[in-house]
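Below is one structure, written out as structure tokens; the observations come after it.
Computation of the quantities below employed the complete heavy-atom set of this structure, encompassing side-chain atoms and omitting hydrogens, waters and symmetry-equivalent molecules. Both counts, for ligands and for their atoms, begin at 1 and track the order of listing.
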Amino acid sequence: MEEKQKKFYITTPIYYPSANFHIGHCYTTIIADAIARYKRLKGYDVFFQTGTDEHGQKIEKKAEEAGVTPKEYVDKIIENAKDLWKSLDISYDYFIRTTDSDHERRVQKIFKKLYDNGDIYKGEYKGLYCTPCESFWTESQLDENGNCPDCHREVHEVKEEAYFFRLSKYQERLEKFYEENPNFIQPVSRKNEMLNNFIKPGLSDLCVSRTSFKWGIPVDFDDKHVIYVWIDALTNYITSLGYPEDLEKFNKYWPADLHLVGKEIVRFHTIIWPCLLMALDLPLPHQVFGHGWLIINGGKISKSLGNYKDPREYINDYGVDAVRYFALREVPFGSDGNFSEEALINRTNSDLVNTLGNLVNRTLAMSKKYFNSVVTNPKVYENIDDNLTSYIKALPSLVDKKMESLKVNEALEDIFELLKRANKYIDETTPWILAKDETKTDRLKTVIYNLLEVIRISAVLLTPFIPETSEKIFKMLNTKETSFDSINDFGKLEENITLNESFILFNRIDTKTNE
Ligand code: MSP
């Protein structure tokens, strides 16, 4: 019987379109894209979703300031965001907008279902509210100055009639779920934070509607209320699959395999979201990974602080793959990491120019010079080859292990280790000396073949990370062996093909000294 194709459902958070996106949003999305592409390469049926979280008071205010309707305001930003994802080669399968009529209708149905089951009830809300973060806080959660613990701005006391979700009812089930699914939250430090700071002190019921603003999905049986942002936002992961109206796609892809989220919203994804799903009697996602932030000069990149450039400027200046590579390689996934143009330039020069670009250009130039770019492999091996070939054989499973545990930067490090070894192999085998000795022609052909094979195998493994570059390398190599299966054996590069003309993959970037 044919094995059923395995599915993989991965999501980014849906971003607030309160201003155009910055490199921090790109960071999450590039990593999600690399994971999605990696799974596709491995043969999974991948559903990769991103989108925008468009309702709420903050957007309402922004639109008012700009003198347009909220919908007009967000439409413009979404057009810009989609263009940005295109320039970053983001291969999403679905882009959800919370203003999509399908989503709005489905959220209303979900809300009604929870109400009918008794999991949502009407009460009065009194609380401390941070408008920029759209978050309610309890006294004990505030920072040392009595401000919002996330953005450190002032909070206001709010009192109004509201609907509540019975979060408290699910406390025990949630703790049990954590115990039985130790990998649900990654990295583990974030799980301890959730348990100790939020769950163990006791879950309070959650305010899920508002009457103080209009820009939201109305509660259809009580239209004085709009559905407060977290039910609207979190359910995007299932409404996009048709839930609760049309379950075909939903049955295929749900539960999500991986929700990638920034560390500040782990709380919503690992407490509120599982409890909502329990109330709906639906399976819970397999994993929530809370990554760190890209920071600039020690602080978060922030739309409200305005301390950033349009990411397209970096793409235009350095190329899409330099930006992707930086996001994927520079910061250990899970930790915070500094973003600066200088770090981006250094990373590009050291890895993409010196290691990858250099290897490709040196090898193709030698193949052209000695053999007119015709590829052959007489298999005249020497001991010195072992270090390289044994590493190549081990590499796919090494990378796989790292990718399965989402150590994306380490996966890239492992691939670049091969490229470094290959550059060293050129120095050790000294092809220019072999070329002077006619009895060594077959050895020289073998050396060049080995190098070309390193380049091909690395290019296959690099496809999820820097797809445009891999594509260029495949063109130069004139090879059809680009599948994941083709790297299980060393030696799949076709013999008797003629390589195409080589060109520079990455130009060295001069460090700006006048800044
Ligand atoms: N709309 C909510 C998410 C709802 S998901 C059901 C939201 N939006 S957001 O636009 O404020 O942030 C979304 C995500 O952007 C964050 O979780 C984080 O992943 C990412 N980042 C925003 N700034 C970032 C950095 N400076 N660095 C890394 N990621 C950052 O929260």
Quiz item: Is W273 near ligand 1, meaning one of its heavy atoms is under 4.0 Å from it?
Solution: no
Exercise. May I have the step-by-step check of side chain to side chain donor-acceptor pair (under 3.5 Å) for S91 and R40, ending in yes or no?
Key: CA-CA 11 Å; S91 62; R40 285 193 202 108; 2.8 Å; yes
Quiz item: Which of the numbered atoms in ligand 1 are below 4.0 angstrom from a heavy atom of D53?
Solution: 1 (N), 2 (C), 4 (C)
Exercise. Could you list the atoms of ligand 1 found under 4.0 angstrom from a heavy atom of G24?
Key: 21 (N), 24 (C), 25 (C), 26 (N), 27 (N), 28 (C), 29 (N), 30 (C)
Practice problem: Specify side chain, backbone, both or neither for T28, according to which of its non-hydrogen atoms lie closer than 4.0 Å to ligand 1. | Solution: side chain
Quiz item: Which ligand 1 atoms are under 4.0 Å away from a heavy-atom of G262?
Solution: 17 (O), 18 (C), 19 (O)
Quiz item: Going by an N to O cut-off under 4.0 Å, is there a salt bridge joining E172 and K176?
Solution: no
Quiz item: Ion pair present between R105 and D220, side-chain N to carboxylate O less than 4.0 angstrom?
Solution: no
Quiz prompt | From I265, V331, I272 - option closest to atom 17 (O) of ligand 1 by heavy atom | solution = I265
Practice problem: For A233, take its heavy atoms, then give the atoms of ligand 1 lying under 4.0 Å from any of them. | Solution: 6 (C)
Self-check item: ligand 1 contact by K263, heavy-atom criterion under 4.0 angstrom
Solution: no
Exercise. Give the atoms of ligand 1, by number and element, whose distance to some non-hydrogen atom of H291 is under 4.0 Å.
Key: 19 (O), 28 (C), 29 (N)
Quiz prompt | Option set E264, H269, H25, H22, criterion heavy-atom distance to atom 23 (N) of ligand 1, minimum | solution = H22
Less than 3.5 Å apart, which donor and acceptor atoms pair up between the side chains of residues 273-291 and the rest of the protein, not counting sequence neighbours?
from: W273; atom 1: NE1; to: H259; atom 2: NE2; distance (Å): 3.1
from: Q287; atom 1: NE2; to: N183; atom 2: O; distance (Å): 3.0
from: H291; atom 1: NE2; to: T28; atom 2: OG1; distance (Å): 3.2

Quiz item: Is ligand 1 under 4.0 Å from a heavy atom in the side chain of Y237, in the backbone, in both, or in neither?
Solution: side chain
Quiz item: For ligand 1, is there an N or O atom under 3.5 Å from any N or O atom of I14?
Solution: yes
Quiz prompt | Residue selection (non-hydrogen contact nearest atom 7 (C) of ligand 1) among Y16, F339, Y27 | solution = Y16
Quiz item: Is the closest basic N to carboxylate O distance between E161 and K122 below 4.0 Å?
Solution: yes
Quiz item: Below 4.0 angstrom, N of the basic side chain to O of the carboxylate: do E341 and K309 qualify?
Solution: yes
Quiz item: Does E468 come within less than 4.0 Å of R324, counting only side-chain N to carboxylate O?
Solution: no
Exercise. For ligand 1, find out whether one of its N or O atoms is nearer than 3.5 Å to an N or O atom of L234.
Key: no
Quiz item: Which residue pairs pass the ring pair (Phe, Tyr, Trp, His ring centres under 6.0 Å) test when at least one of the two sits in residues 187-218, sequence neighbours left out?
Solution: H55-W215
Quiz item: Counting each atom of ligand 1 from 1 as listed, which ones have a heavy atom of I301 under 4.0 Å away?
Solution: 26 (N)
Exercise. Using a strict 4.0 Å threshold on nitrogen-to-oxygen distance, state whether R106 and E245 make a salt bridge.
Key: yes
Exercise. State whether the number of non-hydrogen atoms from other residues, nucleotides or ligands found under 6.0 Å of K407 atom NZ is greater than 12.
Key: no
